[in-house]
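What you see below is based on every heavy atom in this structure, not just the backbone, and it leaves out hydrogens, waters and symmetry mates. Just follow the structure's listing: the first ligand is 1, and inside any ligand the first atom is 1.
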Amino acid sequence: MTSLPDNSDSYSLLAPGPVNLHPEVLKTLALPMIHHRTPEFDAILKRVLKKMKDIFQTTEDVYMLTSTGSGGMEALLVNVLSPGDKVIAIVSGKFGERWAEMAKTFGAEVHVIDVPWGETVSVAAVSELLKKHPDTRAVLCQACETSTAVAHPIEDLGRVIAPYTETLFFVDGITALGAYPLPMDAWGIDGIVAGSQKAFMLPTGMSFISFSKKAAKFFDSAKSPRFYFDVRKEKKANAAGETFFSSNVALIRCLDVVLDLILAEGLDAHYARIHRRAEFTRKFAQELGFTLYAKSPSDSVTALKVPPAMDGQKIRLHLEEVHNITIMGGQDQAKGKIIRIGHMGYIQDAEMLRLIECLGQCLYHFDSGFITLEQVAMVVRDAQNYLEQNG
Ligand SMILES: *Cc1c(COP(=O)(O)O)cnc(C)c1O
């Protein structure tokens, strides 16, 4: 019927979202639809909302929105901001730019801390700017800036912001929450957003958010216009065992499955599994001749600088067309210079090994003087040993 990849063993979706789906999720997606106002769905919703707190590592409520991650980013802002409020936006790539732009759209006075691509934010710079603007309502930061694969020092930032009793620390955890430790309560995070197609290993279409008590204080006084993303409606509905709008039954049912998989394994073991994929990729991609783009690399995604004479976009395309593996290229200023490999989702050792092999073959294809096929085979052998020894 179609020649598109079918998520079988031969196709790997190794982007930093969307990701390969777990076989149990695929099965769940095929179930007959049920109505969201049924005892059957009520039970699912109730246990999912409870389990989400364990992933967020919070005692606060977690809300589930039918929107992409960006909708969740907007929901965080509109529920606490009023036009004219001061916002400090840490901008270290595409997603930081987007959040700053959103805050401006809702009338905030946005002070940007520009971080060069590939670098992490200076906690001292944030501290300085806060001293200058102690009346800042919110500080915005990506936990992992997916466009550069940088992991920002969220725990340290939380410590700096916490003493400001009227300033909220908002974190975009879309490629972090669920992929590596980001305990909301312990790290003083006042608002956080996660996304279904990234660390939550689901199809695209849901975002998950939570607010601290410090943030909830502003729900009623916030003057940003909001209707769909008014968290007060959702809070009331959840308390009654429902969602305010029609529930995303298909994805929430899948989320139930994913949460069981993660919690059965344990959060630490789940994080360790993703960390191992990141370590493996960083190690063997460098042995092939790539270099790391991020100064402080995230475990959820790896950004690799391609050799100077090569084009990352061509490598990305070749990998997809010839080897049936999808990774991502760079955006904006990093376009052509980097490739990005995701470590979230359902990824088996054989796929990781095949990626290294195919990346090596790509390098040879584009410049046979850069690496020989014998050298590629040697790296693949080392990589295979590594996987066996670090099982
Ligand atoms: C993917 C991503 C987003 C945007 O999510 P959408 O689901 O595409 O709206 C925002 N922030 C980060 C860090 C992301 O990785």
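Heavy-atom proximity to Thr68, at under 4.0 Å, picks out these atoms of ligand 1: 6 (P), 7 (O), 9 (O). Within ligand 1, the atoms closer than 4.0 Å to a non-hydrogen atom of Ser70 are 4 (C), 5 (O), 6 (P), 9 (O), numbered from 1 in the order shown. For ligand 1, the atoms closer than 4.0 angstrom to any heavy atom of Met73 are 10 (C).
From the protein, the heavy atom lying nearest to atom 8 (O) of ligand 1 is Gln197 NE2, 3.8 Å. Of all protein heavy atoms, the one lying nearest to atom 15 (O) of ligand 1 is Thr146 OG1, 2.4 Å. The single protein non-hydrogen atom nearest to atom 14 (C) of ligand 1 is Lys198 NZ, 3.0 Å, given as residue, atom name and distance.
Aromatic ring centres of His343 and Phe280: separated by at least 6.0 Å. Taking the ring centroids of Tyr364 and Phe370, they lie at or beyond the 6.0 Å cut-off. In this structure, Phe208 has its ring center at least 6.0 angstrom away from the ring center of Phe56.
Annotation for Glu40: atom CD does not count as buried by contact number, only 12 or fewer foreign heavy atoms lying within 6.0 Å.
No salt bridge links Glu128 with Lys132; every basic N to acidic carboxylate O contact stays at or beyond 4.0 Å. Note on Glu60 versus Lys53: no salt bridge recorded, every NZ/NE/NH1/NH2 to OD/OE distance being 4.0 Å or above. A salt bridge is absent between Lys51 and Asp54: the closest approach of a Lys/Arg side-chain nitrogen to an acidic carboxylate oxygen does not fall below 4.0 angstrom. We find that Arg232 and Asp220 are joined by a salt bridge, their nearest charged nitrogen and carboxylate oxygen being less than 4.0 Å apart.
Residue Cys144 places a heavy atom under 4.0 Å from ligand 1. Ligand 1 has no atom lying under 4.0 Å from any heavy atom of Glu145.
Contacts between Asp172 and ligand 1 below 4.0 angstrom, taking non-hydrogen atoms only, involve the side chain exclusively. Under 4.0 Å from ligand 1, not a single heavy atom of Pro16 appears.
Of the polar atoms of Gly69, at least one N or O is found under 3.5 Å from an N or O of ligand 1, judged by distance alone.
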